[in-house]
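Let me begin by presenting the structure, written as structure tokens, before commenting on it.
Here is how names work: the chains are called A, B, and so on, in the same order as the sequence lines, proteins then strands, and each is numbered from 1.
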There are 2 protein chains.
Amino acid sequence: MAGWEMDQKQAVMEKPQAAPRPGGRAARIQAAVFKAVDELKQAGEELTVPAIAARAGVTPSTIYRRWGTLADLLSDVAVRHLRPDGEPTDSGDWRADLRLWLEQYAEEMASEPGRAMMRDVLSADRAANACTCSAYTGQQLDVIRQRALARGDTPPETAVLMDRVIAPVIYRILFTHEGADGDYVAGLVEGVLGEG
Amino acid sequence: MAGWEMDQKQAVMEKPQAAPRPGGRAARIQAAVFKAVDELKQAGEELTVPAIAARAGVTPSTIYRRWGTLADLLSDVAVRHLRPDGEPTDSGDWRADLRLWLEQYAEEMASEPGRAMMRDVLSADRAANACTCSAYTGQQLDVIRQRALARGDTPPETAVLMDRVIAPVIYRILFTHEGADGDYVAGLVEGVLGEG
DNA sequence: CTCTAAAAGCAAATTTTTTGCTTTAGTGGA
DNA sequence: TCCACTAAAGCAAAAAATTTGCTTTTAGAG
């Protein structure tokens, strides 16, 4: 069965928008713009380049020159939020950890903000951001998997988890009006854990 | 295991952009605009509302008033093309039919036009179009399934096919740089056909 | 400390989008 | 068939957005 190559070095660690001189002005402006986007979203304001620029204390042309389009900017903002903030919890029982992590993942992605972020990531011309997202996911699953392996256990391949759980969950969220509720996810998880 | 509700009457048959008075002016204009989009895409021209309007011999405000945004228009155009043009071939061997149909489906969706159409469908605010897409897919699978059932055979549930084949294929196409090649699809198909 | 290259600011030009009002086309009733 | 009536299209002006040429600032290298 075909699988996934995670290609961590390449896809995972690259910054959404390569920051040439980190720590300098470029980074400050990027941060200001990203923050502006978040704040405007939060406030429910219209998300336009001029509005974002004003909020960030920056000239619109700066944004246009750096990101090209609003879609690309929003895509970069989305991946930032999609980046996992820590490792999955380690209870000693990898099956429990896996179930828990997947439940939380599904819930987050199915939420309105989650859906919006996915749409933002996919709407950009640049495919790299979408790849980064799935790499993040694979990375997290790998952490749980490695723990299991370290204990001599045989968890399912990451590729299998992507195909059998992640993909169906995301597909449902993106393409149907039924969410990916707890029962659905649990069913998928049992499907893979049942075999090996 | 949780499944899919196809909900055919609701999701499948609804027009992408409800045409109030079919056959009238509204329909003609819609057709002209859709054709204009296709032609401009074909010609590799910039896809802007004014350009589309000009090509369609229509005023831009007509498009803005009817579709709101370019994304919504492109979304409608995309679903139109995603609508299946016929039933899956019937060779008498439903497994072969299924394999063939899935291969073709994967290939079409993985192609650059296919990817673009999916992005267009998903980029619109309106979630209905994405639902329509997956409903189309479920419908086609159901056709193959019904034939098998009619012969007293026991094909996998449509829901299972969606979860185990369609979802992984689409996820891969949308979120990774590896395509969904023939081997990958074949592997997925064997996965479901192997069990029942 | 100066020099350089990259990126930001600014402002004008261009293009796209919105909007108020007028005109036209299709529908239903006399 | 003719006459209203309604929904949608056309038109044009206004508003908003994006692009672009040029100037200024900034961080980093020598």
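Remark: the A:R25 side chain and the C:dG9 base include no donor-acceptor N/O pair separated by less than 3.5 Å.
Looking at heavy-atom distances under 4.0 Å, A:T69 makes no contact with the nucleic acid at all.
Using a cut-off of 4.0 Å between Lys/Arg side-chain N and Asp/Glu carboxylate O, B:K35 and B:E39 are scored as salt-bridged. A:D76 has a carboxylate O that lies under 4.0 Å from a charged side-chain N of A:R126, or vice versa, which qualifies the two as a salt bridge. A salt bridge is defined here as a Lys NZ or Arg NE, NH1 or NH2 lying under 4.0 Å from an Asp or Glu carboxylate O, and A:R99 with A:E190 meets this definition.
In this structure, A:R65 does not reach the D:dT18 phosphate: none of its side-chain N or O atoms is under 4.0 Å from OP1 or OP2. Contact annotation: A:T48 reaches the phosphate of D:dA17 (side-chain N/O to OP1 or OP2, under 4.0 Å). Taking only side-chain nitrogens and oxygens, A:Y64 comes nearer than 4.0 Å to OP1 or OP2 of D:dT18. Phosphate contact (OP1/OP2 of C:dC10, side-chain N/O of A:T59, threshold under 4.0 Å): present.
Note: CD (B:E46) to P (D:dT18) measures 13 Å, nearest angstrom. In this structure, CD1 of A:I29 is placed 13 Å from C1' of D:dA27, rounded to the nearest angstrom. Spacing between atom CD1 of A:I52 and atom P of D:dA17 amounts to 11 Å, rounded to whole angstrom units. Taking atom CG of residue A:D72 and atom P of nucleotide D:dT19, one finds them 11 Å apart after rounding to whole Å. Going from atom CD of A:Q30 over to atom P of C:dA6 covers 18 Å, rounded to whole Å. Look at CH2 on A:W67: it is 8 Å from P on C:dA8, rounded to the nearest Å.
Residue B:D97 holds its CG atom at 7.0 Å from CG of B:L100, rounded to the nearest 0.5 Å.
Looking at B:R145, its side chain does come within 3.5 Å of a backbone N or O of B:P156 through a donor-acceptor pair.
In the set C:dT18, C:dC10, D:dA9, the nucleotide with an atom closest to the side chain of B:R66 is D:dA9. Of the candidate nucleotides D:dC11, C:dA25, C:dG9, D:dC11 has the atom nearest to the side chain of B:S61.
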